[in-house]
Each structure stands twice: as structure tokens, then as C-alpha cells.
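Report on the following structure.
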Amino acid sequence: MLLTVMASLACRAVGVGLQFSDEFCDEQYQRLYHNAQSHFHGFVDIVVTFHLSPGGRLSGFLAQPLPKSGLPRGVTLQQTNMPVFPPRGCRYFTGKTASVPVLTLEK
């Protein structure tokens, strides 16, 4: 399902932000994304608002812990750290640990 959501966003990286493709992107997605405090928060807002069922979970690997502030209402957050072994040249993970948030939409 996440691949479907990501494909429907039809985003491409541009500088420090993401830019939406008008022909594939819903105006509501754009509003939620652009009002979010981070890229991941924007993604979470879109998934929770349009695609996640009550009791559903969303997770990812992040370079830093996800701040609890800015999450949609009704979402609980549990975070753990996990060792990672990024390949040489990887610019996203510079350390040896990733933060793994698990977000659950309350029933």
C-alpha cells in the first residue's frame, strides 16, 4: 500500500523540498504536505488522512527520532533504535543507528 501512496504523490526531490506533479497529485495532498513540519510528517499526514484504516500501522527508518509534535490526532507513536549498515557513499544514514517509529491510528 505504501508504494501506491508514494506513487500517487508523484513527487520528485527538488533541492531541500519535494515538488508535486500537478497531473497526478491531489490538491488536498499538497495542502497537508506543505503544512507539515517535516517531509516525514507530511507523508504521515497524507497516509493517515486518506489511506490508513483504524488500527493500521505505518513505519519507516529515519536518521533521527520522529518528534511527537505535529502528528495527526488519534495517532500513537512508539520508537525504537535499530542498528543499520549503510553502504559506503550513503548520505542519508551517516551513523550506525536508525530510529524506527511505529505509528498506529487508534480504533
Side-chain angles (χ1 to χ4, degrees):
M1 176 168 92
L2 289 181
L3 291 176
T4 303
V5 173
M6 292 174 74
S8 67
L9 290 175
C11 298
R12 58 184 165 84
V14 177
V16 296
L18 292 178
Q19 193 170 45
F20 290 89
S21 171
D22 291 338
E23 67 181 283
F24 295 108
C25 191
D26 187 290
E27 194 174 296
Q28 293 174 311
Y29 280 22
Q30 290 182 32
R31 182 178 37 78
L32 282 173
Y33 179 81
H34 290 296
N35 289 332
Q37 76 182 47
S38 72
H39 294 298
F40 196 76
H41 278 91
F43 179 68
V44 168
D45 289 349
I46 291 167
V47 171
V48 167
T49 302
F50 298 107
H51 302 282
L52 198 61
S53 299
R57 294 181 179 166
L58 173 65
S59 188
F61 287 86
L62 302 174
Q64 299 174 357
L66 182 66
K68 291 181 183 182
S69 64
L71 291 175
R73 287 185 185 181
V75 172
T76 59
L77 171 64
Q78 294 180 321
Q79 294 191 85
T80 59
N81 290 322
M82 175 176 265
V84 292
F85 305 95
R88 274 187 272 152
C90 177
R91 290 184 256 156
Y92 186 73
F93 285 103
T94 56
K96 300 293 182 195
T97 304
S99 179
V100 182
V102 177
L103 299 115
T104 304
L105 182 58
E106 295 173 353
K107 293 182 179 181

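When the side chains of ILVMFWY residues are joined at heavy-atom separations under 4.5 Å, either directly or via intervening members, L62 and V102 end up in two distinct hydrophobic clusters. There is a path of hydrophobic side-chain contacts, each under 4.5 Å, that joins M82 to L66.
Nearest heavy-atom pair across Y33 and G42 is CD1-CA, 3.8 Å. Across all their heavy atoms, G55 and T104 have their closest contact at O-CG2, 4.0 Å. Taking both residues in full, the closest heavy atoms of A98 and V84 are given as CB-CG1, 3.6 Å, listed atom of the first, atom of the second, then distance. Closest of all the heavy-atom pairs between G70 and Q37 is CA-OE1, 3.6 Å. Nearest heavy-atom pair across P101 and L77 is CB-CD1, 3.6 Å. Of all heavy-atom pairs between S59 and V100, the closest is OG-CG1, 3.6 Å.
A donor-acceptor distance shorter than 3.5 angstrom exists from the side chain of S38 to the backbone of H41, with no hydrogens or angles considered.
The 12-atom threshold is exceeded at CZ of R31, counting heavy atoms of other residues, nucleotides or ligands nearer than 6.0 Å. Few gaps surround CD on E106; more than 12 heavy atoms of other groups in view lie less than 6.0 Å from it.
Separation of atoms CG (L103) and CG (L71) is listed at 6.0 Å; rounding is to 0.5 Å. Between F40 atom CZ and D45 atom CG the span is 10.5 Å, to the nearest 0.5 Å.
Ring geometry for H51 against Y29 counts as perpendicular: the plane angle is over 60°, on a 0 to 90° scale with 30° as the lower cut.
The shortest side-chain heavy-atom distance between N81 and S99 falls under the 4.5 Å cut-off.
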